[in-house]
Amino acid sequence: MNFKNVLLASASALVLLGAASSGALAQQIQQNDNGLVPTLPDQLTLDQFVGVNFTLDPGSLRSNDISGGYANNFTGISHDQQNNGNSNALGIASNVVISTAAPGSGGDVSQQLWLRGSTIGGDYSNNAPGPLASSFRENTITDAFAGASGIVDVQQNNGDGNVLGIGDVVSANIGPNLFGQNGENHDDSSQEVLLEATVTGLITSEVNVVSGGDITGERTNTIDGGAFAEFVGMASVQQNNGNGNVIQAANSVIADLGTTTDVDPSEDALQSLVATAVVTNNTGFAQSDAGPPTPYDRTNLISDAFVGPGGIVNVQQNNGDNNAMNVGNAVRAHFLTVDDIDDASAVVVSAAGFVTNNNSSLNTTDQDQNRINTIDEGSFSEAVGLTAVQQNNGNNNAMNALTAVVATLFTSGQIDGGDAAVDARTHAEVTNNLAVETANVDRVNTIDGGAFNDGAGIATVQQNNGDNNVINASKAVVAGLSDNANFVGFNGSIVDDTTITAVVSGNIAVIAPTNVPPGYQNTLSDSFNGFAGIKTVQQNNGSNNAIQSSIAVVANVITP
């Protein structure tokens, strides 16, 4: 099987395990309510705002823990929120529509998922009092959600002045080829996913006066112990210990699953996925007395977790301050249907990040601050579908990761005359920033230990310990896959347009010699072996950078 076959097979698995499982979930919840037809707009809007605040933490311990077999083999919709911080806006929303109606009652679907978050102004300061027996701020998920299925959203936050938002929108028509129900295709469908984040005018300070003791890190996010093993469906996990951040995740799925009735010869599938992040006029200061090899003051760890999941998985771990992090997924697919997309399929993916004028004399000044991001012990091995992982310990960063898919998979009807348009864009500006790093500033990004081995689909991994950075990843896929020799696919105009723009100017970075190894280190080892599909890996420890990746694919494949 060539690359295209692998890619599309991965997309088919995504639809089956992601959209179909979500559809099955909704069907289970509404098992006594046939005739629920998505004929009206399916809209979810989440507006979050944190205004000017002041918090001073003299060194209290903050810990969020999900463990002890929690929610293993859970089925359904799960929202779990744990918060020890102050002046935060946390929000989770899900909107599921399922159609098990008789033929002839299908209709249009228009989905809009808008996540808008802003944190403006404020002064946030936390100080560790001295030697501690464990982490100062700690989020942990271990031995939890194994074998779970459906929609699972988790938020763990110990920081102050943050906006965290997760939104899920699912719409599916289910036919007799999957669950023994009557159903028909959407005759038209459109999706619009918009993520907007603004972080401006913030002052953050972290001072860890620590010497001796068994210190594992002042800010620690950990997912391990078999958490989310064999998970099926849609999962979004956010762990944050930083201050003054906006962290967002959005999913939007429209799917026709096993339907047998033709609706209309013209079936449009239009997708728009846009993420914008603005980080401006902020100040971050961090200081610690201790150095490596232990402790690492800011630690993100995913170990022996998310092994063998299927569907859509988003993980965001952040210990930095004054950051905007976005991740967005949009899927529009037909799976095991008789008729399919006969007309236009358009995907527009755009990510823009701006980090400007963060040039205070104290801005992003680290003294003996040690940062490490790690994914190992088989995490995400044999994962199938869409996977996005963001690990960040830096300050004043804007990180975007976007993926959009339009797919027609294993259909038995002949498809003709379809147009396919794919447009993936990224735009980044980093201007007028200052970063000062003094002795023993060690920053390590590591992916090893069999992570992502034998996975399939689309994977995006962003690991960042630097300051004043914009990191973008943008993907768009339009695909047709069938084992029917009469399969035509998108037999029309194909437009594939990818644009990348980056501006880095007027920046100053002063880096003192790192006296204790490992210094700055990015490592990729024993990982992504046997992976099939599209992957983007970004590792950064530098300052004042714009890092971008944009991929656009259009493919038609017949498997004999």
Polar side-chain atom of Q48 near backbone of L164 as donor-acceptor pair, under 3.5 Å: yes

Donor-acceptor pair, side chain of T403 and main chain of N329, under 3.5 angstrom: no

Partner of R62 by side-chain contact (heavy atoms from CB on, under 4.5 Å), out of N241, D57, N83: D57

Y70 and D80 side chains, donor-acceptor separation under 3.5 Å: yes

Side chain to side chain, F452 and I375, heavy atoms closer than 4.5 Å: yes

Closest non-hydrogen atom pair, Q156 against D65: NE2-N, 4.0 Å

Side-chain donor/acceptor of S379 to backbone N/O of I302, under 3.5 Å: yes

E230 side, atom CD; N72 side, atom CG - distance, nearest 0.5 Å: 12.0 Å

Validation row: N162, I247 side chains within 4.5 angstrom (heavy atoms): no

R219 side chain to N126 side chain, donor-acceptor N/O pair below 3.5 angstrom: yes

Sidechain-backbone polar pair: N245 side chain, G320 backbone, donor-acceptor under 3.5 Å: yes

Check: V152 and S78 side chains under 4.5 Å, non-hydrogen atoms: yes

D467 side chain to N396 backbone, donor-acceptor under 3.5 Å: no

Nearest heavy atoms of Q539 and T446, plus distance in Å: NE2-N, 4.0 Å

Polar side-chain atom of Q390 near backbone of N326 as donor-acceptor pair, under 3.5 Å: yes

Nearest non-hydrogen partners of V537 and I447, listed with the distance: CG1-CD1, 3.9 Å

F145 side chain near V154 side chain, heavy-atom distance below 4.5 Å: yes

Any donor-acceptor pair under 3.5 Å from Q462 side chain to N400 backbone: yes

N540 vs I471, side chain to side chain contact (heavy atoms under 4.5 Å, CB included): CA-CA, chis, key distance, verdict: CA-CA 9 Å; N540 176 57; I471 301 176; 4.3 Å; yes

Minimum side-chain heavy-atom gap N322-T204 below 4.5 Å: yes

Point-to-point distance, once rounded to the nearest 0.5 Å, from OG of S252 to CG of D168: 10.0 Å

CD1 on I547 to OG1 on T426, rounded to 0.5 Å: 12.0 Å

Main-chain N/O of N157 paired with N240 side-chain donor or acceptor, under 3.5 Å: no

Exercise: identify the closest heavy-atom pair between V50 and S87: CG1-O, 3.3 Å

Spacing of L195 atom CG and R116 atom CZ [to the nearest 0.5 Å]: 10.5 Å

N/O donor-acceptor pair under 3.5 Å between N251 side chain and M234 backbone: no

Any donor-acceptor N/O pair, N323 side chain to N397 backbone, under 3.5 Å: yes

Candidates T431, T200, T356 - the one meeting side chain to side chain donor-acceptor pair (under 3.5 Å) with T280: T356

Check: I141 and F228 side chains under 4.5 Å, non-hydrogen atoms: yes

Minimum heavy-atom distance V193-A330, with the two atoms named: CG2-CB, 4.4 Å

S149 and T75 side chains, donor-acceptor separation under 3.5 Å: yes

Approximate separation, where rounding is to 0.5 Å, of Q317 CD and M325 CE: 9.0 Å

Min side-chain heavy-atom separation Y124-N86 under 4.5 Å: no

Inter-residue atom distance L386.CG - N314.CG, 0.5 Å rounding: 8.0 Å

Test side chain to side chain contact (heavy atoms under 4.5 Å, CB included) applied to H79 and I77, step by step: CA-CA 7 Å; H79 292 173; I77 300 177; 4.0 Å; yes

Min side-chain heavy-atom separation F285-I203 under 4.5 Å: no

Option from N395, N221, T299 for which side chain to side chain donor-acceptor pair (under 3.5 Å) with N319 holds: N221

Residues R137, E206; criterion salt bridge (charged side-chain N to carboxylate O under 4.0 Å, His left out); working and verdict: CA-CA 12 Å; R137 296 186 179 184; E206 176 190 8; over 6 Å; no

Steps toward side chain to side chain contact (heavy atoms under 4.5 Å, CB included) verdict (V461, F380): CA-CA 11 Å; V461 183; F380 300 100; over 6 Å; no

CA sep, side-chain torsions, deciding dist, call: W114, E196, side chain to side chain contact (heavy atoms under 4.5 Å, CB included): CA-CA 8 Å; W114 295 346; E196 294 180 344; over 6 Å; no

Nearest atoms (heavy-atom pairs only) where G159 meets N88: O-ND2, 3.0 Å

